Amino acid sequence: MKKSNKKKISLLLIPLAALIAALAVWGPEALARYRDKAILDQIQTEKAETSTEGYRYALSSNDKIYILSKCLNNQIQPESDQNALTRTEESMNLDYQELTGTYAMVVNRKDSNGQEIQERVGIELSNKGMKELQELGILPDSVQELTERSYSAVMYSAIDVPEPRNNVLVWKISLDTGKQTANRTNRLLDAYVDADTGKVYEFYARTEISRWEDVDPDTMIQIWAEYMGLGEPEEYQNTNPLSETTPFFKKYIFAGMEGGNTVVTIGFYEGINELFLKISR
């Protein structure tokens, strides 16, 4: 090969080597900047599983009535109309951080958006639930529709305190009995209603039924269990006849959480014609 050709090749190799060296030094940095530009200021979406999202709704119906029954049995609340008048605003606003025990009922005054919860929402939902019970034959048709003027509705969270993700959101519906002239005939007196589904967990109602013999608790519990999405009820054995303030009642059990059971009672007060179905003591 002639010297002139060798010299030309050598001259060509110098810039090529310089280019390779430059790429080795600045290439990774330039590539990183390019990738960053493609990622930064761009919204990236990725599916992720969380342990809390939708947890409350994943509870089974048996779990829900078990948690709610435990909360109702453990809550400290006035029972009579007279004691109900002594409730204060402070007593209704519970701080979750100060809760003790295993189960608790906590008042909800605002929804997830920070908006005040309207009573009419609970009353409308409860009317829907009552109508379903009437169509199923659990509640007599004579029981009147709820109105905002006559009823109060308070939203509660029934919480398993050690596992607060285990909670049930319910409306407590109560007839305003503060007035001496309050008419209870053919009226719903109290109820607990699921805030998501409108299903009625518990109710007390004055009816046109006048005798316990006219109530069929076995059929009623079967229909209610299917309506709630529960398993087959079992008759509660060795029931203490003094466990209720009326001799006219029958108790059943449903499977609950972690091997526990929920006791459901159907009963009747003769004289005042009051029918009830409850999951609390």
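A quick note: this is a predicted structure, and the numbers were derived from the prediction, not measured. Side chains included, hydrogens not; waters and symmetry mates left out as well; all remaining heavy atoms used.
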**Request:** Output the distance between atom CE (M105) and atom CD1 (I159), rounded to the nearest 0.5 Å.
**Result:** 9.5 Å
**Message:** Quick check for you: to the nearest 0.5 Å, what is the distance between D194 atom CG and L125 atom CG?
**Reply:** 8.0 Å
**Message:** For the aromatic rings, using the six-membered ring if either is Trp, is the centroid distance between F276 and Y269 under 6.0 Å?
**Reply:** yes
**Prompt:** Is any side-chain heavy atom of F203 less than 4.5 Å from a side-chain heavy atom of M130?
**Reply:** no
**Asked** What is the distance from atom CG of L146 to atom CG of L188, rounded to the nearest 0.5 Å?
**Response** 5.5 Å
**Request:** Compare every heavy atom of P233 with every heavy atom of F254, then report the nearest pair and how far apart it is.
**Result:** CZ-CB, 3.3 Å
**Prompt:** Taking NZ, NE, NH1 and NH2 as the nitrogens, is one of them in E132 or K128 under 4.0 Å from a carboxylate oxygen of the other?
**Reply:** yes
**Asked** Given side chains that start at C-beta, do those of M257 and N62 come closer than 4.5 Å, heavy atoms only?
**Response** no
**Prompt:** Just one of L277, L72, D190, T265 clears the side chain to side chain contact (heavy atoms under 4.5 Å, CB included) bar with E202, so which one?
**Reply:** L72
**Fill in**
For F268 and I209 the tightest heavy-atom approach is CZ-O, 3.2 Å
**Asked** Below 4.5 Å, heavy atoms only, C-beta onward: do Y156 and L68 meet side chain to side chain?
**Response** no
**Item:** Residues E274, R184: salt bridge by 4.0 Å N-O rule
**Value:** no
**Prompt:** Side-chain contact, heavy-atom cut-off 4.5 Å: Q222 with Y252?
**Reply:** no
**Message:** Nearest 0.5 angstrom please: L59 CG to R165 CZ, how far?
**Reply:** 10.5 Å
**Prompt:** Would a hydrophobic clustering, with Ile, Leu, Val, Met, Phe, Trp and Tyr connected at side-chain separations under 4.5 Å, put Y192 with V263?
**Reply:** no
**Message:** If I take atom CZ from residue R149 and atom CG from residue D176, how far apart are they, to the nearest 0.5 angstrom?
**Reply:** 11.0 Å
**Interatomic distance, L136 atom CG to I223 atom CD1 [nearest 0.5 angstrom]** = 6.5 Å
**Request:** Using a 4.5 Å cut-off on heavy atoms from C-beta on, say whether the side chain of K251 contacts that of E244.
**Result:** yes
**Message:** Is a donor from one side chain sitting under 3.5 angstrom from an acceptor on the other, for S157 and N108?
**Reply:** yes
